[in-house]
Each structure stands twice: as structure tokens, then as C-alpha cells.
Amino acid sequence: VKKTGLLLLALLPAGLIIVYIMGVVPIRAIRRTVYEALQKEKDTAQQYLDIAGVIMVAIDTDYRITLINRKGCEVLGYSEQEALGKNWIETFIPEKNHADIKHSFLMLGCGNGLPQNTESLILTKNAEERVIEWNHVAILDSDGSCKGVISSGNDITDSKNVELQLLHSQKIETVGQYTSSISHEFNNILTVISSYCCIIRKKIEDNQEACKTLDQVVAAADRAATLTQKLLLFSRKEVVIAREHDLNEIVGNFKNFISKIIGTKVSLSSNYCQNPLDVIVDKGQIEQILMNLSTNARDAMPKGGKLSISTSQINMDNEFIETHGFGRNGLYAVITVKDTGMGMDSETQKMLFEPFFTTKKSDKGTGLGMAIVQRIINSHQGFISVESSIGEGTTFNIYIPTTPQQSVFNSDMLLLSRPEISL
């Protein structure tokens, strides 16, 4: 700009034309006026974005965040200053999904656009995974080239969890109906197989090799019969025998039985809460939980190790619920079962309570034990958590509300008062 007194026309985004006579108004004033006008429009646009109840985020072709609204900051856990300029993929996308997101951006750059109504995982500041449903619009330059994308998203994590719980319940119900319909007929078939094996064995007693082979058939039939009993046990709905007990006494009295289950290679220690832990429970079902967890702990320590069982009491307050992601306010009795075994990775922990999921060999586990444990605890209005990592052992915490919290007891669950049945 030459200082010749010529008129300078500055066209602002709002359509305002400022007539500037050089030498009358300082250039700094023009810059300040332009900046203030631009900033005002930016602030107004940001207010509109912040009012929106959905996530709004703009990303350039280098995956850098160029714009984000208040809802986006709330979901991600970052302030606007922290989020702006961060690499969207490296910061907010789980590593397992990096390649898919980069491919989508590549397609966008080729003019193919991004699919609408997509679902993807994002990582929050505290490393929590959230499921977001997105809509995308490409940001185009004046020549039609892609400069990035602006996306609006809804956090559907809670609804997805409800959907998964519903599907899980339907799957459990289907398993129950299916096993109930075929179990008796299947048992009849197994009885015939076992009976004929016994008859044949008597006729070939002198042939030791043949007898050994036949014994394997009988053993397989017995395992199949045991599996059928477990399926029936899993699907059956009966009245639960719930009475008031001191949880310390249940665990203490069952300790001797546990020591027989785990064998001599595993050392057993216990520590009990000094105060009585009065709970309304089915004693047999609590023993079933202890037996299942102890058996799993033993199997996780084939070369030996340590198993500890302890009881305590906690006040499950809002801070606890927020930190752990589960619970209801009140006093809870806690059973902690901890081993020094091989541990589990995060993927195994996610599947741990699924029916028929097992890490054991086909002839060693049926995958029903932990599913039954969870259903027992749910029927007692309780909770269960697991902490584990490879090579570091596993810790289970079982939370059962103390009286008089258990005003309503869910009896439409399993009757598992036979602790001699190993799952």
C-alpha cells in the first residue's frame, strides 16, 4: 500500500466496506478493526457450534483438528486449546483402527467422499473408548480440491451397551430353551451308549487293548453327560433359598473344602473382616462362586502358586462408582479372590463372562463357570470386577449389598446349591 492518499477498500466477511483515506487513519487501526470484526464473527460461529448438542470437529488433510465445539471437548475430555492442532488419528483413534481411518481420508482426497452414518471408536483423555455415530461433509477449496472434513457425531456408547446387554440376555434365553429341549433326549442317547459299552466290555475282558479303547468311549460319554448337566444347571430357573448369613462364616467354613480343590502345589491364605458381614444370600450359591474361582485359580497355576481369599466392607459412594464404572450407593460386603497365576490379557477379560467362552482345552472346561458366577452375583443384586495382566495373576472382587439393602431379591435365577459340581 502506497501512502498517496488513495482510497483503500477493505471488504470484510460481513459485507462491510471501510473507506480509508491514507494519512488520515493509521494502518494499525484498520488492522485492529478487521481483526475485531473477524474475531466477532468467529466467536458468533463458535457460539452456534457450542449450542449444538452433538460433537462438531473439523480436520484438515494432515489429520489436524482445526475446529471443535464444546460438546466435542466434553466427550473427549480436552479443553479447546488442548484439542486444537492435535493429530486426530494418533490422539483420538485406537491404534487398531488407524489404518481404516487413514484409508477413509485417502478416499476423501480422491473425491470419493466419506460414508454417512458411520460408527467408530474414539479414545478420550482418560483412555476410555466411546462409540460415536458420525456424519461427514468434505471441506472443498475454490478449485474443488479437498481441504479436510467437518464431522458431526453422536455419542451412542450407552445405547450400544444396552443393545449388547439385550442381545446377551436373548442369547442366554435361547441357550436355556435349546438346552432344555434337547438335554433329556441327549442323556437317553448317552445312557444307551454307556450301557452297550458295559455289555461289550464284559464280553471282551480278556482283550486288554480293546478294553482300554472302550474305556475311552465310556469316559467320553461321561464327559458329555456332565456337560449336559451343566447346561441344564445353567438354563434352569428355580426358587433361590436366600437367608441372612454372615459372609465371614460362609467363606471361613468353606475354606477346608477349597484347600482340597486346589491341591498341595497351591498355598491358601485367608483374611476376614473384623466386623460381621450380614448379607441375604443363598449359601450354596456363594460356595459355588468360591469353588469356581478357586478351581480356575488352580488351573492358572499349574506349577503352583498362592491363592488368597479375603473379606471386607466398603461404602460404594459416587466417587467409587465414577472410578470403577459400576455400582449403586450403599454398604457392600466384598469377597476378594487373588491368585499368582498366568493372568489374562484385556481381550480375554472382555469375553470372560460369555457363555461357552473358555481358555482351557476342550476336555478341561465348558465355558459355563464364569457365566454362572456372574448370574449368581446379579441375582444377589451384586457386582463382580476382575483385574489381571499376563504373568501378574488375577484378582476377582465380588460385591454383595449388606442388609437391609437387599429388600428385593431376584429369585428368577439359577439354583446352584450343589458345590460338588465343578464348572
Side-chain angles (χ1 to χ4, degrees), residues 233 238-262 266-298 306-317 320-321 324 326-339 352-353 369-387 393-423:
L233 193 63
E238 299 185 22
V239 177
V240 177
I241 306 173
R243 297 190 179 92
E244 186 169 342
H245 295 275
D246 180 357
L247 198 63
N248 288 328
E249 292 183 2
I250 295 178
V251 177
N253 293 337
F254 202 64
K255 180 182 176 182
N256 290 335
F257 187 82
I258 293 174
S259 63
K260 295 177 182 178
I261 293 174
I262 61 178
V266 178
S267 62
L268 176 63
S269 62
S270 57
N271 185 30
Y272 306 114
C273 181
Q274 295 181 352
N275 301 322
L277 298 175
D278 295 327
V279 292
I280 298 176
V281 296
D282 184 306
K283 178 174 175 288
Q285 289 191 345
I286 300 301
E287 291 174 344
Q288 183 74 48
I289 291 173
L290 292 171
M291 187 192 65
N292 287 352
L293 294 181
S294 300
T295 302
N296 287 344
R298 178 201 63 195
K306 298 178 180 180
L307 173 65
S308 65
I309 301 176
S310 60
T311 62
S312 58
Q313 188 176 39
I314 67 162
N315 178 21
M316 199 174 283
D317 55 15
F320 177 96
I321 296 172
H324 293 78
F326 66 85
R328 288 185 295 269
N329 292 109
L331 292 175
Y332 285 76
V334 184
I335 303 175
T336 300
V337 180
K338 183 176 182 179
D339 66 60
L352 186 60
F353 299 105
M370 293 309 301
I372 290 176
V373 165
Q374 186 180 52
R375 293 193 69 182
I376 292 174
I377 295 169
N378 289 343
S379 74
H380 288 80
Q381 303 177 33
F383 305 92
I384 182 171
S385 66
V386 57
E387 299 173 6
T394 301
T395 300
F396 286 96
N397 288 303
I398 299 155
Y399 304 88
I400 299 175
T402 58
T403 55
Q405 286 178 243
Q406 294 175 314
S407 56
V408 179
F409 190 85
N410 180 9
S411 61
D412 189 25
M413 300 300 290
L414 302 173
L415 178 60
L416 304 177
S417 56
R418 296 180 57 195
E420 72 275 9
I421 297 178
S422 174
L423 297 167

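What you see is a predicted model; the values in this text were computed from it and never measured.
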*asked:* When you compare the side chains of Gln374 and Asn378, does any donor N or O come within less than 3.5 Å of an acceptor on the partner?
replied: no

*Flag the pair Glu287 / Ile250 as yes when at least one side-chain heavy-atom distance between them is below 4.5 Å, and no otherwise.*
yes

_If we check side chain to side chain contact (heavy atoms under 4.5 Å, CB included) with Ile335, which of these qualifies: Leu290, Ile384, Leu293, Ile377?_
Leu290

_Parallel, tilted or perpendicular, judged at 30° and 60°: which one describes the rings of Tyr399 and Phe320?_
perpendicular

*When rounded to the nearest 0.5 angstrom, what is the spacing between CD1 in Ile289 and CZ in Arg375?*
13.0 Å

*asked:* Quiz question: by atom type and distance under 3.5 Å, do the side chains of Asn397 and Thr336 form a donor-acceptor pair?
replied: yes

*Note, Val279 side chain near His380 side chain (heavy atom, < 4.5 Å)*: no

*Would you indicate whether the side-chain heavy atoms of Leu277 and Gln313 approach each other to under 4.5 Å?*
yes

*For Asp278 and Thr403, does a side-chain donor sit closer than 3.5 Å to a side-chain acceptor?*
no

*asked:* Is the shortest side-chain heavy-atom distance between Val266 and Ser294 below 4.5 Å?
replied: no

*Using 30° and 60° as the class limits, which term best fits the ring planes of Phe383 and Tyr332: parallel, tilted or perpendicular?*
tilted

_Can you confirm whether more than 12 heavy atoms, excluding those of Lys255, are under 6.0 Å from its NZ atom?_
yes

*Spell out, as yes or no, whether a donor-acceptor pair under 3.5 Å connects the side chain of Asp339 to the backbone of Thr394.*
yes

*Is any side-chain heavy atom of Arg328 less than 4.5 Å from a side-chain heavy atom of Pro401?*
no

